[in-house]
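Hydrogens, waters and symmetry mates are skipped; everything else that's a heavy atom, side chains included, is used. Numbering of ligands and ligand atoms starts at 1, following listing order.
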Amino acid sequence: MVKYDAIVVGSGNAGLTGAVSLANAGQKVLLVEQNHEPGGNATSFKRGRFTFEASLHEFMQSVGTKDQPGDLFTMFDELGVGDKIKIKHAPNESLTTILPSGKRVVMHHTKTPEELTQELIFAFPDEASGIQQFMQKMLPYAQQFMEYMNNEVSFSNETYSADKYAPLRENFFNRIGRIYDECNLSKDVRAVIESKIDYFSDTSTEMQPGFIVAQLLQNLEDGSYVEGGSQSITDALINKLKEEGGDLLLDNRVEKIIVEDQKVKGVVTDQNKTFEAPMVLTDMVPTETYIDLVGEENTPQSVLDQINQASVGYSACNLFLGLDCPPEEVGIESALNFVDYTYDLDKVKRQWHTLEVPDHLLISSHCVVNPTSAPSGAADVSIFTYQAADQWLALNPSEYNKVKERYTNDLLNKTEQFYPNIREHIEECELATPITLMRYNSQPKGSIMGWEISDRTEVTAGPQMAKSPIKGLFITGASIGPGFYGSYKAGTVIASLMNQELTAGGVQ
Ligand SMILES: Cc1cc2nc3c(=O)[nH]c(=O)nc-3n(C[C@H](O)[C@H](O)[C@H](O)COP(=O)(O)OP(=O)(O)OC[C@H]3O[C@@H](n4cnc5c(N)ncnc54)[C@H](O)[C@@H]3O)c2cc1C
């Protein structure tokens, strides 16, 4: 039987950064992936003359540059892949929200909160004083909220200080609707503030205000795109793993994590291969790790209770279009366009559970800011909506194909309401559904952000589940840090915990 120091199950973002961190620290690492290619969601695919980015819309968190590295670039540098990743910055990039009336509100990435406030006032001059009042109250709070959440994800030792976090305490259990009312904001301004529902997958009536206002704070970062898309980061991390002596095993699905006396011993794959290691890191929602791989009989009751309190997050539908014309010819002027067909985002959330196309879409076109992402004179367009998987899983194979075709058509009809001639320019057209995503990321119900992102999940089943009470078992991935930034970071942070234990000889 082959022995390793650590086995990583799943080569999504977090599995990759986790495996590279462990290999960089001199551990003998095996990375096992069920697909024939690594990367999970972080991949690309070809159709005709187009190479489509499968998932990443844009980095908005602390990417920085080689010379002035932000958090993410520092992480890539520390992993030894910084010089392989080419970031294309888009300072002052525009972001468009289309309101149900068809009004287009164009905002930009700005440098200061004051500029951000002015952008909103420019779009809604009659509401200047309400907007000022709202921003003065909410921006310091949202900044602290994000700091608090990020510290939790990074397991920082900084303790929660009641004085320092007074704005956080004041607003934490508030609801944003009450604050809008106090500031007399119209439903159009509210809709612009909440237009990035695509980043948090929940609505302001359910979520605490920090998540909502944090979306605005993202405008204070430069937009950043990756040359070659997320696939280029996946490739760089795989090459680094191999350089450091790590092994990659593709086309093998781990079916069992061997646990004896509440200690990890190794894994068994569906190809009947067994590998031994005192530590296993899984890149998947804890439900799969425990119920499918460890087995309920080996899972402590405290863990089962945590799992029962959290829900697996949404999957998505994504329509990929290759157009035979530049994006502006069909009216796409920003790389990211948040399109509202209703003011009622709770209705949109209900629609994510049906086979009806929802009344909010995120329409993106990378080539607006990064020309290399589409052939010259053409455009790559992606139309994104969250989706639950259940209604797709309930279809039999022949129904599935029909529904997929009908859904594609409905999505195009909806898109045409604001981009009237888009259909006549389609050269390539491919819909990914939750079933497609289940194939690529193998997460329960094709979840793309781990657990459902909610106040409850953050408190009960977020990062606290990373280190299992089963000795040697660790969990990473989007349930620990959602999205691209969160999952890359979750991989390195959890691997450093493992390294500490391995170095101290902690797991025998
Ligand atoms: C269409 C789309 C758009 C998105 N847009 C954005 C965006 O703009 N910004 C953002 O931040 N995030 C976005 N996301 C979400 C982001 O892609 C994910 O949060 C992130 O990639 C999750 O990484 P992960 O480490 O959890 O692994 P995943 O990508 O979920 O990969 C898990 C890997 O583990 C493997 N695996 C699972 N089980 C096993 C097993 N038993 N044995 C072996 N291998 C196994 C899978 O095959 C897969 O390769 C988007 C996702 C999608 C699909």
Distance-only, no hydrogens or angles: does the [X] side chain make a donor-acceptor pair with backbone N or O of [Y] under 3.5 Å?
X	Y	result
D359	Y341	no
S442	R439	no
S232	E227	yes
D380	G322	no
N337	I98	no
N252	L250	yes
T234	A42	yes

- Relative to atom 25 (O) of ligand 1, which among L56, V285, D283 owns the nearest non-hydrogen atom?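 The residue whose heavy atom sits nearest atom 25 (O) of ligand 1 is D283.
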
- Item | Best match, F384, F320, F484: closest heavy atom to atom 12 (N) of ligand 1 | F484

- Query: Any chance the rings of Y225 and H366 have centres within less than 6.0 Å?
  - Reply: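 Y225 vs H366: aromatic centres under 6.0 Å.
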
Ignoring angles and geometry beyond distance, decide whether [X] reaches within less than 3.5 Å of ligand 1 through its nitrogen or oxygen atoms.
X	result
N318	no
G483	yes
A42	no
V254	yes
A14	yes
S447	no
Q34	yes
A478	yes

Counting only heavy atoms, which portion of [X] has something under 4.0 Å from ligand 1: side chain, backbone, both, or neither?
X	value
Q443	side chain
M284	side chain
T269	neither
S487	side chain

- salt bridge (Lys or Arg N to Asp or Glu O under 4.0 Å) pairs, two or more places apart, involving residues 2-11: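 For residues 2-11: K3-E276.
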
- Is it the case that more than 12 heavy atoms not belonging to K445 sit under 6.0 Å from its NZ atom? no

- Any idea how F52 and F50 line up, ring-wise: parallel (<30°), tilted (30 to 60°), or perpendicular (>60°)? parallel

Looking at ligand 1, is there an atom of it that comes within less than 4.0 Å of some heavy atom belonging to [X]?
X	answer
N252	yes
Y199	no
A54	yes
E288	yes

Heavy-atom contacts with [X] under 4.0 Å: which atoms of ligand 1 show up? List them by number with element.
X	value
N35	47 (O)
V32	43 (C), 44 (N)
Y440	46 (C), 47 (O), 48 (C), 49 (O)
V9	40 (C), 42 (N), 43 (C)
G477	25 (O), 26 (O)
G40	29 (O), 31 (O), 48 (C), 49 (O)

- Of all the heavy-atom pairs spanning F320 and A54, show the shortest one and how long it is.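 Where F320 meets A54 most closely, the heavy atoms are CZ-O, 3.6 Å.
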
- Going by atom types only, do Y400 and T433 share a side-chain donor-acceptor pair under 3.5 Å? yes

- Query: With sequence neighbours left out, what residues match A19 under side chain to side chain contact (heavy atoms under 4.5 Å, CB included)?
  - Reply: V8, V29, L31, L241

